[in-house]
Amino acid sequence: MTEIKKLIDENGLRVDGRKLDEIRPIKIEIGLLANADGSAYIEQGRNKIIVAVYGPREAQPKHIGLHDRAAIRCRYHMAPFSTDERKSPAPSRREIEISKVIREALEPAIFSEYYPRSMIDIFIEVLQSDGGSRCAAITASSLALADAGIPLKDLVVACAVGKIDGKLAVDLSDVEDKLGEADMPIAYIPALRKISLIQMDGIFTEEEFFKALNMAKDACMKIYKIQKEALKQKYLQTEKE
Amino acid sequence: MSVTSQVEPLTKIKSKRMMKLLASGKRLDGRGLLDYREIKIENGVVEKAEGSALVSMGNTKVLVGVKIETGQPYPDLPNQGALTVNAEFVPLAYKYFEPGPPDENSIELARLVDRGIRESKTIDMEKLVIIPGKEVYVVFVDVYILDHDGNLVDAAGLAAVSAILNAKLPVYRVKENGEVIKMDEYVPLPVQNCPIPVTMVKIDDKILVDPTLDEENMASAKLTITLTKNGEICAMQKSGLGAFTLDEIVEAQKIARKKSSEIREKFFREWC
């Protein structure tokens with residue numbers, strides 16, 4: 001077995017050279033799929049995630065239709081080759097839980113009440129996974145929803161804060177997630193000033209929790225800027241064409 | 001795939017009354033916003049299980065059975081025992097529970113209870129090794145919902161902790177040829193923490209603890225915070241279609257901190 005290495009070096013830098021409050025490089029592409037009504041692709045660290053949105057369309061099967069709002073269907077799925085060891089393509093318990101929390105993170109931002117008896121599908125495929133894939137998936141999903149022309153209260157942006165070597169750090173990579181002491185993903189809707197996803201595992205004191213909450217919000221606002229810029233670029237490009 | 005689910009709407013007269021009471025800080029069953037329903041815990045209700053507990057919280061009833069067997073360790077944790085938590089939403093508990101494989105709600109509940117126990121290191125997993133890297137104890141925590149009137153997470157979390165704290169560990173002996181045999185002897189399961197989950201819902205900008213099913217159906221969002229005996233947060237989960245403001249989450253954390261230590265003091269005095 002390899003030695004457990006230190007996650008923060010003597011200069012206060014992390015394994016990949018980042019500072020504690022520094023997010024990983026993000027690359028976003030919007031509208032890359034021809035068939036989907038909306039799509040987005042995100043690279044955040046080594047995460048490579050593609051999201052497609054179909055709808056609003058007629059609820060199918062009919063019984064999932066709701067009389068007062070659109071039903072949102074969400075599937076978070078990891079490709080078999082996305083991990084170090086092959087992952088069975090059948091949905092794991094983890095993926096089922098994440099599909100649910102992602103859906104519930106996005107729902108508060110969608111004007112679902114405009115489309116009763118219809119459904120909106122969000123299909124997330126993780127092509128390569130790194131730490132924080134649910135957060136990157138949420139960031140990309142809200143862009144795919146916007147690309148599909150679905151009315152949103154705002155984009156939803158997500159980022160995790162964790163504890164590594166006893167210190168709080170944002171946007172954990174997979175080694176940091178695995179060897180760290182805590183992980184708290186958060187999804188934020190800036191226009192509503194609301195948190196639509198919060199999960200935590202590991203150990204936080206009350207003080208760490210408050211600090212982590214604010215660090216997560218700040219990191220979310222950094223990503224929000226990148227996210228909005230990507231959307232703007234896409235439509236400037238469309239205008240030129 | 002996860003789909004927006006139908007919530008059973010309350011009758012108009014009931015929802016109106018609930019909202020009216022809420023405005024003055026009261027609830028349909030007479031409780032204040034931050035009161036739990038009466039909690040009862042009965043341990044050892046299933047003798048064949050190594051540990052068991054039946055928790056009732058108002059009309060909600062949850063039974064947890066702990067079975068302990070032996071098996072291979074997880075490949076990445078060769079010198080630790082294994083823990084698995086599973087939840088069954090059995091059809092007798094509620095008219096909308098259907099038989100079949102666990103759905104997203106039961107998986108979410110099981111994983112949330114699991115996180116509370118695992119992250120707080122409630123069971124000392126390093127003491128559950130029989131032959132390092134080969135044979136370890138496997139602790140199965142099975143959550144059985146018997147009657148659903150809301151707040152399944154807290155009832156299940158309490159029952160799981162209670163069953164674990166009272167569980168006995170069968171003794172195994174390793175023979176010279178490497179064979180592992182079960183002795184007719186038990187020791188207490190090595191435990192070292194007592195995590196207590198506290199679940200709150202938000203109805204119309206008010207935070208309520210221990211929601212009933214009616215209150216869950218009226219709520220826009222739900223938040224569970226689990227705290228250890230030392231007051232650290234060890235698990236958290238938001239669910240539901242709504243969202244919380246930052247201030248509400250800060251407030252909820254304070255409520256959870258207070259409530260969890262009250263419950264621990266009442267039922268698990270030795271862990272305070």
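Not measured: the values here are computed from a predicted model. Each chain gets a letter, A, B and so on, in the order the sequences are listed, and its residues count up from 1.
- With rounding to the nearest 0.5 angstrom, the CG atom of A:D121 is 6.0 Å from the CE atom of B:M1.
- Against chain A, the residues from residues 80-88 of chain B that qualify, each with a non-hydrogen atom under 4.5 angstrom away, are B:V85, B:N86 in number order.
- Contact of A:M119 with chain B is not made at all, since no heavy-atom distance falls under 4.5 Å.
- A side-chain contact (heavy atoms from CB on, under 4.5 Å) with B:T4 is found for one member of A:L66, A:I120, A:I110 and no other, namely A:L66.
- Only the side chain of A:N214 comes within contact range of chain B, with heavy atoms under 4.5 Å apart.
- For A:Q60, the CD atom is densely surrounded, since the number of other residues' heavy atoms within 6.0 Å is greater than 12.
- No more than 12 heavy atoms of other residues, nucleotides or ligands lie within 6.0 Å of CD in A:E207, so this atom counts as exposed by the packing criterion.
- At a 4.5 Å heavy-atom cutoff, A:A182 makes no contact with chain B through either its backbone or its side chain.
- Residue contact with chain B, scored on non-hydrogen atoms closer than 4.5 Å, involves the side chain of A:R103 exclusively.
- Remark: B:D247 CG to A:I195 CD1 distance equals 9.5 Å, nearest 0.5 Å.
- More than 12 heavy-atom neighbours from other residues, nucleotides or ligands sit within 6.0 angstrom of NZ on A:K153.
- Heavy atoms from other residues, nucleotides or ligands lying under 6.0 Å from CD of B:Q72 number 12 at most.
- Residue A:D68 qualifies as enclosed at atom CG: its count of foreign heavy atoms under 6.0 Å is above 12.
- Counting non-hydrogen atoms of other residues, nucleotides and ligands closer than 6.0 Å to NZ of B:K121 gives a total of 12 or fewer.
- For B:R118, no part lies near chain A; criterion is any non-hydrogen pair under 4.5 Å.
- The existence of a salt bridge linking A:K100 and B:E104 is excluded, since no basic side-chain nitrogen approaches an acidic carboxylate oxygen closer than 4.0 Å.
- Note: A:Q199 leads A:E208, A:Q199, A:R75, A:H77 in heavy-atom pairs under 4.5 Å with chain B.
- Summarising the geometry, atom CD belonging to A:E97 is positioned 11.0 Å from atom OG belonging to B:S2; distances are rounded to the nearest 0.5 Å.
- Within residues 223-244 of chain B, the residues having any heavy atom under 4.5 Å from a heavy atom of chain A are, by residue number, B:L223, B:T228, B:E232, B:I233, B:C234, B:A235, B:M236, B:Q237, B:K238, B:S239, B:G240, B:L241, B:G242, B:A243, B:F244.
- Interface remark: of the candidates A:L213, A:I64, A:D201, A:D201 forms the most heavy-atom pairs closer than 4.5 Å to chain B.
- With chain B as the partner, the residue from A:F204, A:Y188, A:Y76 showing the most heavy-atom pairs under 4.5 Å is A:F204.
- Put simply, CD1 on A:I98 and CD1 on B:I107 are 12.0 Å apart, with the number rounded to the nearest 0.5 Å.
- Proximity to chain B is limited to the backbone of A:L197, based on heavy atoms less than 4.5 angstrom apart.
- With a 4.5 angstrom heavy-atom cutoff, A:R69 touches chain B only via side-chain atoms.
- Side-chain contact check for A:R94 versus B:R111: some heavy-atom pair is nearer than 4.5 Å.
- Surrounding NZ of A:K167 are at most 12 heavy atoms belonging to other residues, nucleotides or ligands under 6.0 Å away.
- Counting only heavy atoms from C-beta outward, the side chains of A:V101 and B:E108 approach each other to under 4.5 Å.
- With a 4.5 Å cut-off on non-hydrogen atoms, A:F123 touches chain B through its side chain but not through its backbone.
- If you measure heavy-atom distances from A:F210 to chain B, the contacts under 4.5 Å come from the side chain alone.
- Chain B forms the most heavy-atom pairs under 4.5 Å with one residue out of A:H67, A:R73, A:E104, A:M184, and that residue is A:E104.
- A pairwise comparison of heavy atoms in B:P102 and A:R93 identifies CG-NH1, 4.2 Å as the closest pair.
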